[in-house]
K.L.:
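Let me begin by handing over the structure; questions about it come next.
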Amino acid sequence: MRSVTYSMSLSLDGYIVGPDGGFSWSVPDEDVFCLATEEVGGLGAHLLGRRLYETMLYWDTADRDPSLDAPTREFAALWNALPKVVFSTTLTEVRASNTRLASGSPAREIERLRAEPGEGDIAIGGAGLAADAATLDLIDEYRVRTYPVLVGGGTPFFARNERRVDLDLIEHRSFGSGVLYSRYRVKR
(Lines give C-alpha, C1' and ligand atoms only; values in the text may rest on other atoms or scores of the structure.)
Protein backbone atom coordinates (compact mmCIF):
# COMPACT_ATOMS: atom_id res chain seq x y z
CA MET A 1 0.00 0.00 0.00
CA ARG A 2 1.25 3.51 -0.83
CA SER A 3 2.52 5.47 2.17
CA VAL A 4 1.27 8.95 3.01
CA THR A 5 4.14 11.30 3.80
CA TYR A 6 4.38 14.81 5.21
CA SER A 7 7.60 16.54 4.20
CA MET A 8 8.46 20.16 4.85
CA SER A 9 11.30 22.41 5.90
CA LEU A 10 11.11 23.87 9.36
CA SER A 11 13.01 26.09 11.73
CA LEU A 12 14.70 24.60 14.76
CA ASP A 13 11.85 26.00 16.87
CA GLY A 14 9.30 24.08 14.76
CA TYR A 15 7.82 26.53 12.24
CA ILE A 16 7.42 26.19 8.46
CA VAL A 17 6.93 29.95 8.05
CA GLY A 18 7.90 32.74 10.39
CA PRO A 19 5.58 35.23 12.10
CA ASP A 20 5.71 37.47 9.00
CA GLY A 21 4.63 34.57 6.74
CA GLY A 22 8.09 34.39 5.19
CA PHE A 23 10.27 31.35 4.66
CA SER A 24 13.36 32.82 2.95
CA TRP A 25 15.43 31.16 5.68
CA SER A 26 14.56 27.76 4.18
CA VAL A 27 15.99 28.24 0.70
CA PRO A 28 17.78 24.92 0.07
CA ASP A 29 21.43 24.69 -0.85
CA GLU A 30 22.44 22.37 -3.69
CA ASP A 31 22.52 19.23 -1.53
CA VAL A 32 19.17 19.85 0.16
CA PHE A 33 17.63 20.73 -3.22
CA CYS A 34 18.90 17.37 -4.52
CA LEU A 35 17.15 15.67 -1.58
CA ALA A 36 13.90 17.48 -2.41
CA THR A 37 14.21 16.37 -6.04
CA GLU A 38 14.80 12.80 -4.89
CA GLU A 39 11.67 12.94 -2.72
CA VAL A 40 9.49 14.33 -5.54
CA GLY A 41 10.84 11.64 -7.87
CA GLY A 42 9.54 8.97 -5.46
CA LEU A 43 6.00 10.32 -5.32
CA GLY A 44 2.90 9.05 -7.07
CA ALA A 45 0.71 12.03 -6.05
CA HIS A 46 0.83 15.18 -3.96
CA LEU A 47 -2.00 16.68 -1.90
CA LEU A 48 -1.64 20.43 -1.32
CA GLY A 49 -3.37 23.12 0.63
CA ARG A 50 -4.20 26.35 -1.20
CA ARG A 51 -1.23 28.38 0.07
CA LEU A 52 1.30 25.70 -0.87
CA TYR A 53 -0.38 25.28 -4.25
CA GLU A 54 -0.04 29.02 -4.88
CA THR A 55 3.62 28.96 -3.80
CA MET A 56 4.39 26.01 -6.07
CA LEU A 57 2.76 27.63 -9.15
CA TYR A 58 6.21 29.01 -9.93
CA TRP A 59 7.31 25.53 -11.03
CA ASP A 60 4.55 25.27 -13.63
CA THR A 61 6.55 27.44 -16.03
CA ALA A 62 10.04 27.29 -14.50
CA ASP A 63 11.22 24.60 -16.91
CA ARG A 64 10.81 27.08 -19.78
CA ASP A 65 13.48 29.39 -18.35
CA PRO A 66 16.71 28.67 -20.29
CA SER A 67 18.84 30.27 -17.56
CA LEU A 68 17.97 27.54 -15.02
CA ASP A 69 20.56 24.91 -14.27
CA ALA A 70 19.98 21.22 -15.00
CA PRO A 71 19.03 20.22 -11.40
CA THR A 72 16.38 22.96 -11.25
CA ARG A 73 14.95 21.96 -14.62
CA GLU A 74 14.89 18.32 -13.44
CA PHE A 75 12.89 19.26 -10.35
CA ALA A 76 10.45 21.30 -12.45
CA ALA A 77 9.92 18.41 -14.87
CA LEU A 78 9.29 15.95 -12.03
CA TRP A 79 6.94 18.37 -10.25
CA ASN A 80 4.94 19.15 -13.39
CA ALA A 81 4.50 15.47 -14.26
CA LEU A 82 3.33 14.64 -10.74
CA PRO A 83 -0.47 14.34 -10.21
CA LYS A 84 -1.56 16.94 -7.65
CA VAL A 85 -4.78 17.49 -5.70
CA VAL A 86 -5.52 20.89 -4.15
CA PHE A 87 -7.75 21.31 -1.10
CA SER A 88 -9.31 24.76 -0.91
CA THR A 89 -12.53 26.35 0.24
CA THR A 90 -11.83 29.52 -1.76
CA LEU A 91 -10.55 28.36 -5.16
CA THR A 92 -13.00 27.38 -7.88
CA GLU A 93 -10.34 26.19 -10.34
CA VAL A 94 -6.65 25.35 -10.54
CA ARG A 95 -4.36 25.99 -13.47
CA ALA A 96 -1.14 24.09 -12.81
CA SER A 97 -0.02 21.01 -14.75
CA ASN A 98 -1.59 17.70 -13.68
CA THR A 99 -3.55 19.43 -10.92
CA ARG A 100 -7.18 19.18 -9.87
CA LEU A 101 -9.31 20.45 -7.02
CA ALA A 102 -10.19 17.88 -4.40
CA SER A 103 -13.65 16.45 -4.75
CA GLY A 104 -13.71 14.91 -1.28
CA SER A 105 -12.13 14.97 2.14
CA PRO A 106 -8.43 14.20 2.65
CA ALA A 107 -9.43 10.71 3.85
CA ARG A 108 -11.52 10.09 0.74
CA GLU A 109 -8.82 11.38 -1.62
CA ILE A 110 -6.15 9.26 0.05
CA GLU A 111 -8.38 6.19 -0.12
CA ARG A 112 -9.02 6.89 -3.79
CA LEU A 113 -5.31 7.39 -4.59
CA ARG A 114 -4.31 4.25 -2.72
CA ALA A 115 -6.87 2.26 -4.74
CA GLU A 116 -5.54 3.52 -8.08
CA PRO A 117 -2.86 1.51 -9.87
CA GLY A 118 0.59 2.97 -9.70
CA GLU A 119 3.54 3.39 -7.44
CA GLY A 120 5.04 6.13 -5.35
CA ASP A 121 4.11 7.69 -2.06
CA ILE A 122 1.28 10.14 -1.54
CA ALA A 123 2.68 13.37 -0.14
CA ILE A 124 0.77 15.93 1.89
CA GLY A 125 1.95 19.52 1.86
CA GLY A 126 0.68 22.46 3.81
CA ALA A 127 0.40 22.71 7.57
CA GLY A 128 -3.40 22.92 7.76
CA LEU A 129 -4.00 20.00 5.43
CA ALA A 130 -1.32 17.94 7.17
CA ALA A 131 -2.85 18.74 10.57
CA ASP A 132 -6.22 17.46 9.35
CA ALA A 133 -4.60 14.29 7.99
CA ALA A 134 -2.62 13.75 11.20
CA THR A 135 -5.77 14.10 13.31
CA LEU A 136 -7.34 11.35 11.20
CA ASP A 137 -4.18 9.21 11.59
CA LEU A 138 -3.60 9.21 7.82
CA ILE A 139 0.11 10.10 7.85
CA ASP A 140 2.49 7.15 7.68
CA GLU A 141 5.77 9.04 7.56
CA TYR A 142 7.17 12.42 8.55
CA ARG A 143 10.11 13.82 6.58
CA VAL A 144 11.65 16.82 8.29
CA ARG A 145 14.34 19.18 6.99
CA THR A 146 15.35 21.22 10.04
CA TYR A 147 17.13 24.52 9.35
CA PRO A 148 19.49 26.05 11.91
CA VAL A 149 17.38 29.12 12.60
CA LEU A 150 14.93 30.23 15.29
CA VAL A 151 12.09 32.29 13.83
CA GLY A 152 10.15 32.86 17.05
CA GLY A 153 6.66 31.97 15.85
CA GLY A 154 4.54 31.47 12.78
CA THR A 155 2.90 28.38 11.35
CA PRO A 156 3.98 25.22 13.20
CA PHE A 157 5.03 22.07 11.35
CA PHE A 158 3.22 19.83 13.81
CA ALA A 159 -0.46 20.16 14.67
CA ARG A 160 -1.26 20.92 18.29
CA ASN A 161 -3.88 18.21 18.58
CA GLU A 162 -2.84 16.80 21.96
CA ARG A 163 -2.45 13.33 20.51
CA ARG A 164 0.58 11.15 21.07
CA VAL A 165 2.12 9.47 18.04
CA ASP A 166 5.05 7.08 18.46
CA LEU A 167 7.63 7.15 15.66
CA ASP A 168 10.59 5.11 14.44
CA LEU A 169 13.59 6.99 13.01
CA ILE A 170 14.28 5.31 9.65
CA GLU A 171 16.75 7.76 8.08
CA HIS A 172 18.87 10.68 9.20
CA ARG A 173 21.30 12.90 7.27
CA SER A 174 23.15 16.11 7.98
CA PHE A 175 24.26 18.63 5.39
CA GLY A 176 27.19 21.03 5.33
CA SER A 177 24.74 23.93 5.52
CA GLY A 178 23.66 22.76 8.97
CA VAL A 179 20.33 21.36 7.75
CA LEU A 180 19.32 18.09 9.40
CA TYR A 181 17.05 15.65 7.57
CA SER A 182 15.09 13.04 9.50
CA ARG A 183 12.55 10.47 8.31
CA TYR A 184 10.19 8.98 10.86
CA ARG A 185 7.67 6.19 10.28
CA VAL A 186 4.56 6.13 12.43
CA LYS A 187 4.44 3.04 14.65
CA ARG A 188 1.20 1.17 13.98
K.L.:
Is a side-chain N or O of Tyr6 found less than 3.5 angstrom from the main chain of Phe157, in a donor-acceptor match?
P.N.:
yes
K.L.:
Give a yes or no on whether the backbone of Leu150 and the side-chain of Asp13 come within a donor-acceptor separation of less than 3.5 Å.
P.N.:
no
K.L.:
Donor-acceptor pair, Asn98 side chain versus Lys84 backbone, under 3.5 Å?
P.N.:
no
K.L.:
Between Arg145 and Ser7, is there a side-chain donor-acceptor contact under 3.5 Å, judged purely by atom types and distance?
P.N.:
yes
K.L.:
Check the orientation of Tyr142 and Phe158. Use parallel for under 30°, tilted for 30 to 60°, and perpendicular for over 60°.
P.N.:
tilted
K.L.:
What are the two closest heavy atoms between Arg50 and Leu91, and how far apart are they?
P.N.:
CG-CD1, 3.8 Å
K.L.:
Is Leu78 reachable from Met8 through a run of I, L, V, M, F, W or Y residues, each pair having side-chain heavy atoms under 4.5 Å apart?
P.N.:
no
K.L.:
Looking at Arg188, I want to see if its CZ is surrounded by more than 12 non-hydrogen atoms of other residues, nucleotides or ligands under 6.0 Å.
P.N.:
yes
K.L.:
Does any non-hydrogen side-chain atom of Tyr53 lie less than 4.5 Å from one of Val85?
P.N.:
no
K.L.:
Please enumerate all residues that pass side chain to side chain contact (heavy atoms under 4.5 Å, CB included) together with Val17, with sequence neighbours excluded.
P.N.:
Phe23, Thr155
K.L.:
Would you call Arg95 and Asp60 a side-chain contact if the rule is heavy atoms closer than 4.5 Å?
P.N.:
no
K.L.:
Hey, which of Arg185, Arg2, Arg143 is the one that makes salt bridge (charged side-chain N to carboxylate O under 4.0 Å, His left out) with Asp121?
P.N.:
Arg143
K.L.:
What pairs of residues pass the side-chain hydrogen bond (donor to acceptor under 3.5 Å, both in side chains) test when at least one of them lies in residues 28-38, not counting sequence neighbours?
P.N.:
Asp29-Ser177, Glu38-Arg173
K.L.:
Just do the side-chain contact (heavy atoms from CB on, under 4.5 Å) check on Arg100 and Glu109 with the steps written out, would you?
P.N.:
CA-CA 11 Å; Arg100 66 176 174 81; Glu109 290 291 344; 2.7 Å; yes
K.L.:
Distance from Ser97 atom OG to Asp63 atom CG, nearest 0.5 Å?
P.N.:
7.5 Å
K.L.:
Are Tyr15 and Leu180 linked, directly or through intermediate hydrophobic residues, by side-chain heavy-atom contacts shorter than 4.5 Å (ILVMFWY only)?
P.N.:
no
K.L.:
In terms of hydrophobic clustering (I, L, V, M, F, W, Y; side-chain heavy atoms under 4.5 Å; direct or indirect links), are Leu57 and Leu47 co-clustered?
P.N.:
no
K.L.:
State the OG-CZ distance between Ser67 and Arg73, to the nearest 0.5 angstrom.
P.N.:
9.0 Å
K.L.:
Do Val186 and Asp140 come within less than 4.5 Å of each other through their side chains, counting heavy atoms only?
P.N.:
no
K.L.:
Shortest non-hydrogen contact from Gly154 to Pro156?
P.N.:
O-CD, 3.5 Å
K.L.:
Indicate the ring-plane relationship of His46 and Trp79, choosing parallel, tilted or perpendicular according to the 30° and 60° boundaries.
P.N.:
perpendicular
K.L.:
Could Lys187 and Asp168 be called an ion pair, given the rule that one side-chain N must be under 4.0 Å from one carboxylate O?
P.N.:
yes
K.L.:
Roughly how far apart are Asp65 CG and Thr72 OG1, rounded to 0.5 Å?
P.N.:
9.5 Å
K.L.:
Salt bridge check: are Glu39 and Arg183 linked by an N-O gap of less than 4.0 Å?
P.N.:
no
K.L.:
Calculate, to the nearest 0.5 Å, the distance between atoms CD1 and CD1 belonging to Ile124 and Ile110 respectively.
P.N.:
4.0 Å
K.L.:
Would you check if the side chain of Glu119 reaches a backbone N or O of Gly44 as a donor-acceptor pair within less than 3.5 Å?
P.N.:
no
K.L.:
Please report the closest heavy-atom contact between Pro106 and Leu129, naming both atoms and the distance.
P.N.:
CG-CD1, 3.7 Å
K.L.:
Other residues, nucleotides and ligands only: do more than 12 of their heavy atoms fall within 6.0 Å of CD on Glu171?
P.N.:
yes
K.L.:
Could you grab the distance from atom CD1 of Ile122 to atom CD1 of Ile139, nearest 0.5 Å is fine?
P.N.:
12.0 Å
K.L.:
Write down the atom of Ala76, the atom of Trp59, and the distance for their closest heavy-atom approach.
P.N.:
CB-CE3, 3.7 Å
K.L.:
Taking the side chain as every heavy atom from C-beta outward, state whether Phe175 and Leu35 have any atom pair closer than 4.5 Å.
P.N.:
yes
K.L.:
Would you mind reporting whether Leu48 and Thr99 have side-chain heavy atoms less than 4.5 Å apart?
P.N.:
no
K.L.:
Could you tell me the separation between the CG atom of Leu101 and the OG1 atom of Thr92, rounded to the nearest 0.5 Å?
P.N.:
7.5 Å
K.L.:
Locate the shortest heavy-atom distance separating Ala107 from Leu136; write the atom from each residue and the value.
P.N.:
CB-CD1, 4.3 Å
K.L.:
Taking the side chain as every heavy atom from C-beta outward, state whether Tyr147 and Pro28 have any pair of such atoms under 4.5 Å apart.
P.N.:
yes
K.L.:
Val86 and Leu43: same hydrophobic cluster, using ILVMFWY side-chain contacts below 4.5 Å?
P.N.:
yes
K.L.:
Treating Ile, Leu, Val, Met, Phe, Trp and Tyr as nodes and any side-chain heavy-atom pair under 4.5 angstrom as an edge, say whether Tyr58 and Trp25 lie in one connected cluster.
P.N.:
no
K.L.:
Taking all heavy atoms of Leu82 and all of Ala45, pick out the closest pair and write down the distance.
P.N.:
CD1-N, 3.6 Å
